[in-house]
2 protein chains.
Amino acid sequence: MVKRTSHQSADCLIARPLDAIGDWWSLLIVRDAFDGMRRFGEFQKSLGVAKNILSARLRNLIAHGILETVPAEDGSAHHEYVLTEKGRGLFYVLVALRQWGETYFSGPGEPYTFMVDTRTGRPIRRLEVHAEDGRLLAPGETRLADFRQQPE
Amino acid sequence: MVKRTSHQSADCLIARPLDAIGDWWSLLIVRDAFDGMRRFGEFQKSLGVAKNILSARLRNLIAHGILETVPAEDGSAHHEYVLTEKGRGLFYVLVALRQWGETYFSGPGEPYTFMVDTRTGRPIRRLEVHAEDGRLLAPGETRLADFRQQPE
DNA sequence: CCATTCGGTTTCAAGTTGAAACCATTGCGG
DNA sequence: CCGCAATGGTTTCAACTTGAAACCGAATGG
């Protein structure tokens with residue numbers, strides 16, 4: 001789907017996830033799947049995207065093991081789309097994007113939602129990056145390392 | 001750049017960040033910027049993308065306040081591209097994507113890098129989502145809430 | 001000065017996207 | 001059993017986007 005340039009030598013571990021997801025719209029499908037949507041029609045209505053496009057995106061997400069189809073819960077002959085374990089791993093990406101959105105894109109007076117703990121209804125904490133020893137790390141206090149360079 | 005469907009009523013706070021970033025390639029630019037790249041040519045060489053496309057992406061990132069141009073460090077007449085505060089906020093998105101990539105996309109025997117604490121050289125911890133009271137939350141233990149529904 | 005690098009813009013063929021039309025299967029009322 | 005609507009797609013095709021290559025102008029470099 002996305003052209004493979006076979007060129008992102010330095011850091012395939014960002015580029016390949018991006019390639020697997022396919023494009024931005026696909027992440028909205030994943031988001032809706034987290035919100036409990038399972039049916040083609042639900043996604044289509046939620047996203048307002050053309051059916052052929054949605055169809056292609058769903059196929060791509062399935063091909064990359066992010067979604068899978070299961071027989072419909074209600075016993076009808078249709079199938080439903082649900083997140084795999086791998087797909088659920090995208091939770092943190094969505095949380096990070098959402099917190100970034102909350103910070104920089106929520107105009108005053110806008111209908112504004114945010115993530116809360118289901119049990120208490122209280123907002124969740126912001127994501128933080130921690131060192132192995134628990135120290136809070138700011139952007140810039142990390143780098144990439146080849147694992148062969150790791151101290152034992 | 002991306003068509004505005006004015007339709008993602010439920011959750012603009014995912015859709016709008018996605019729209020601001022523009023497309024996948026743009027996140028790779030941001031990643032490179034975190035890695036210290038500043039010059040047009042550096043990005044072009046790193047990403048292997050056509051110059052017109054890179055030019056358009058950079059312009060889009062600037063328009064959305066993720067990058068800004070500054071006079072070149074070395075005193076030359078050219079300018080350089082650096083992350084804004086808002087752009088640095090994408091750090092958590094990149095960390096989340098990378099950890100997902102590490103988990104699901106690193107084949108055995110591949111050149112494999114991961115994020116380490118600059119000070120100690122030890123790997124960073126995995127991202128976690130915590131409730132306000134500190135409890136660790138799994139995907140599915142959160143929901144979206146309108147802020148008017150929040151208990152005081 | 002002449003050549004080369006840097007930082008782009010322009011051009012245009014090829015590929016992608018998406019709205020609408022179409023199709024196939026199931027569900028259901030009579 | 002027939003008709004008809006809802007669901008879940010696929011096909012078609014015009015419009016848009018993409019990107020490789022050519023071009024361009026301004027700064028270095030020799």
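Just so it is clear, the model here is predicted, and its values are computed rather than measured.
With sequence neighbours excluded, the residues satisfying side chain to side chain donor-acceptor pair (under 3.5 Å) with A:Thr103 are A:Arg126. The side-chain contact (heavy atoms from CB on, under 4.5 Å) check on A:Ala50 picks up A:Asn52, A:Ile53, with sequence neighbours excluded. Evaluation of the side-chain contact (heavy atoms from CB on, under 4.5 Å) rule for B:Ser55 yields B:Phe40, B:Arg59 as partners, not counting sequence neighbours. Taking A:Arg119 as the reference, nothing meets the side chain to side chain donor-acceptor pair (under 3.5 Å) condition, with sequence neighbours excluded.
Other residues sharing a hydrophobic cluster with A:Leu136 under the 4.5 Å side-chain heavy-atom criterion for ILVMFWY residues do not exist; the residue is a singleton. Listed by chain and number, the hydrophobic cluster partners of B:Val70 are B:Val82, where partners are ILVMFWY side chains within reach of under 4.5 Å, directly or through others.
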Whether each nucleotide of nucleotides 8-15 of chain D has a protein heavy atom under 4.0 Å at its base (B), only at its sugar-phosphate (S) or at neither (-) is summarised, 5' to 3', as BBBBB---
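Between the CG atom in B:Leu94 and the CG atom in A:Leu13 there is a gap of 12.5 Å [rounded to 0.5 Å].
To the nearest angstrom, P of C:dT16 lies 13 Å from CD1 of B:Ile53. Atom-to-atom, CG of B:Leu54 to P of C:dG8 comes out at 8 Å; the value is rounded to the nearest Å. Protein atom CD of A:Gln44 is 11 Å distant from nucleotide atom C1' of C:dA19, rounded to whole Å. A straight line from CZ of B:Phe43 to P of D:dG19 spans 18 Å, rounded to a whole angstrom. A straight line from CZ of B:Arg38 to P of C:dC6 spans 17 Å, rounded to a whole angstrom. A:Asp23 has its CG atom 15 Å from the C1' atom of C:dG15, to the nearest Å. Going from atom CG of B:Leu47 over to atom C1' of D:dG19 covers 14 Å, rounded to whole Å.
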Which protein N or O atoms sit under 3.5 Å from an N or O of nucleotides 4-6 of chain D?
none

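Residues in residues 72-97 of chain B take part in these ring-ring contact (aromatic ring centres under 6.0 Å, His included) pairs, two or more places apart or across chains: B:Phe34-B:Phe91, B:His79-B:Tyr81.
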